[in-house]
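Below you'll find the structure, written out as structure tokens, and then a few comments.
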Number of protein chains: 2
Amino acid sequence: MKEVLPKFDSTFSIDCVVFGFDEGELKILLIERNEEPFKDWWALPGNIVGEVESLDQSASRILNELTGLSNIYMEQYYTFGDVNRHPQGRVVSIAYYALLRLGGDKAVKPISTYAKRAHWINVKDLPRLAFDHQQIFDKGLEKIKRRIKHQPIAFELLPEKFTLTQLQNVYEIILNKKLDKRNFRKKMLSFGVLRDLQEKQQGVSFRAATLYKFDKRKYAKLFEKEISF
Amino acid sequence: MKEVLPKFDSTFSIDCVVFGFDEGELKILLIERNEEPFKDWWALPGNIVGEVESLDQSASRILNELTGLSNIYMEQYYTFGDVNRHPQGRVVSIAYYALLRLGGDKAVKPISTYAKRAHWINVKDLPRLAFDHQQIFDKGLEKIKRRIKHQPIAFELLPEKFTLTQLQNVYEIILNKKLDKRNFRKKMLSFGVLRDLQEKQQGVSFRAATLYKFDKRKYAKLFEKEISF
DNA sequence: ATTACTTAGTGTAAAAAATACACCCTATAT
DNA sequence: ATATAGGGTGTATTTTTTACACTAAGTAAT
């Protein structure tokens with residue numbers, strides 16, 4: 001390889017925008033850096049891609065190291081490669097977004113070795129970010145806004161069992177606008193991808209709502225019937 | 001940088017799916033490789049990213065070397081990084097698609113140094129491709145199919161001045177289905193992004209059609225009014 | 001000049017989808 | 001029993017999408 005491929009001092013990394021939804025708020029996971037450059041700054045979780053890792057594997061590993069979870073929904077969405085985006089050399093970064101369930105079933109306790117601490121931070125209240133991470137975040141948010149309209153990704157942010165109101169909240173917060181309750185329900189149910197669990201919410205101090213589940217099999221049958229929420 | 005960033009023998013490249021539309025056919029530009037590996041195979045045009053080039057710059061350069069054109073419409077769409085995608089080492093490839101006008105105004109004569117020859121080949125008749133280029137192509141085609149429904153990219157494949165029938169052809173071929181002529185025209189004109197040039201097609205042996213032009217300024221005014229073709 | 005040929009260009013009715021809108025229901029807490 | 005808080009429902013109107021077929025205009029051949 002050495003003679004064949006022209007090369008210079010460079011490497012590539014993965015950066016992840018990890019979205020979580022909790023108590024009606026959309027949050028992302030940020031770490032406080034423990035190393036130069038940008039020591040003590042907040043940054044997106046990320047790491048150098050390993051020698052024998054595919055990009056997807058690398059992204060999964062990073063998420064797993066950070067949260068202890070596997071099988072998180074992730075999508076690669078853009079690659080950032082400006083010459084000077086990293087002050088110490090040429091680092092091309094492949095960005096992923098991830099969606100995961102906070103609270104509800106599984107609370108996630110972020111752990112981390114290469115960072116002082118990791119925190120869930122409301123996307124409406126982000127601090128200044130290291131490197132070009134603001135740009136990476138912006139594009140990630142834009143992507144999920146677009147995708148949530150056509151693909152069933154909202155479910156990834158909710159517990160297995162959820163109420164229609166919770167689902168509507170996810171849409172309202174990501175799309176950043178109010179939706180009409182009756183129209184939302186009518187449309188959502190009409191897709192036929194929700195299974196009514198014949199079961200009610202527990203432990204609420206008011207009328208309990210019906211729980212639903214996203215039915216992957218029914219969704220698969222729709223195939224490319226171009227859903228549009 | 002050497003001490004700070006863990007690294008191994010790797011590099012990154014750009015690969016381009018260059019779409020062109022000519023005589024009712026959707027084609028892409030392929031090169032016949034002159035070097036190992038995959039000598040004599042057909043491949044997507046691509047190259048190693050330069051040391052002081054951003055990814056976008058690199059993609060533009062590659063396109064320019066190949067076609068002599070600048071200001072081609074391009075979008076980065078996905079990054080391919082499987083460990084063994086390149087037989088000679090770890091090469092992560094950032095994929096772009098490009099759209100350009102064939103025939104009509106400006107005919108393009110592909111030139112190339114690092115390849116025996118370059119040819120426009122109908123997407124319905126692709127040969128076996130080197131590396132993972134079939135996969136890269138498939139994803140690129142999928143992306144433009146999706147994008148053409150919401151963004152005004154079809155115009156990039158046509159000459160400055162075009163007829164509504166030509167425009168409809170682009171849609172039909174990319175979406176791979178027949179559209180109704182009256183409905184297509186009604187909808188397309190209703191967006192208000194076409195300027196009627198009060199001018200007719202020349203040199204046809206039948207009734208000449210009206211020529212239109214895509215009006216970028218009008219389009220910009222729509223802002224995020226979510227066009228849907 | 002007539003005719004044949006080829007593509008350009010046009011309207012309407014029916015169906016489907018999207019929107020706007022307000023009240024009663026039910027479980028719990030006091 | 002009463003107050004509270006969110007759960008759940010239907011209809012009429014508007015907008016968008018779909019399906020569908022003929023005349024108009026220019027060229028070419030005779």
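Scope of the values below: all heavy atoms of this structure, side chains included, with no hydrogens, waters or symmetry mates. Owing to the predicted nature of the structure, the values given are computational and were not obtained by experimental measurement. Residue numbers begin at 1 in each chain, while the letters A, B, ... track the order of the sequences.
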Using the six-membered ring of B:Y78, assess whether NZ or CZ of B:K139 lies under 6.0 Å from its centre and within 45 degrees of the ring axis.
yes

Rounded to the nearest Å, what distance is computed from the CZ atom of residue A:F162 to the P atom of nucleotide D:dG7?
14 Å

A:Q134 side chain to A:L129 main-chain N or O, any donor-acceptor pair under 3.5 Å?
no

For the residue pair B:F19 and B:F137, categorise the inter-ring angle as parallel (less than 30°), tilted (30 to 60°) or perpendicular (more than 60°).
tilted

Among residues 194-205 of chain A, which residues get a heavy atom nearer than 4.0 Å to DNA chain D?
A:K200

Just how far, in rounded Å, is P of D:dT9 from CG of A:L164?
9 Å

More than 12 heavy atoms of other residues, nucleotides or ligands under 6.0 Å from CG of B:N71: yes or no?
no

For atom CG of B:N183 and atom P of D:dA21, their distance in whole Å
13 Å

In whole angstroms, how far is the P atom of D:dT18 from the CE atom of B:M188?
14 Å

Quick one: are A:D132 and A:S93 in side-chain contact, heavy atoms under 4.5 Å?
no

Does B:F155 offer a backbone N or O that forms a donor-acceptor pair with the side chain of B:R101 under 3.5 Å?
yes

State whether the number of non-hydrogen atoms from other residues, nucleotides or ligands found under 6.0 Å of A:K216 atom NZ is greater than 12.
no

If I take atom CG in residue A:L189 and atom P in nucleotide C:dA18, what distance separates them, rounded to the nearest angstrom?
14 Å

Taking atom CG of A:L211 and atom CD of A:Q198, what is their separation to the nearest 0.5 Å?
11.0 Å

Between atom CZ in B:F206 and atom C1' in C:dG9, what is the gap in whole Å?
14 Å

Expected list for residues 165-182 of chain B near DNA chain D, using heavy atoms below 4.0 Å, is B:D180, B:R182

Check the distance between C:dA27's P and A:R207's CZ and give it to me in whole angstrom.
7 Å

Rounded to whole angstrom units, what separation is found between the NZ atom of A:K149 and the P atom of C:dA18?
13 Å

Comparing A:K187 and B:A208 on DNA chain C - which has the more 5′ nearest nucleotide:
B:A208

Check the orientation of B:F131 and B:H133. Use parallel for under 30°, tilted for 30 to 60°, and perpendicular for over 60°.
tilted

Got a donor-acceptor pair under 3.5 Å from the side chain of A:K186 to the base of C:dT19?
yes

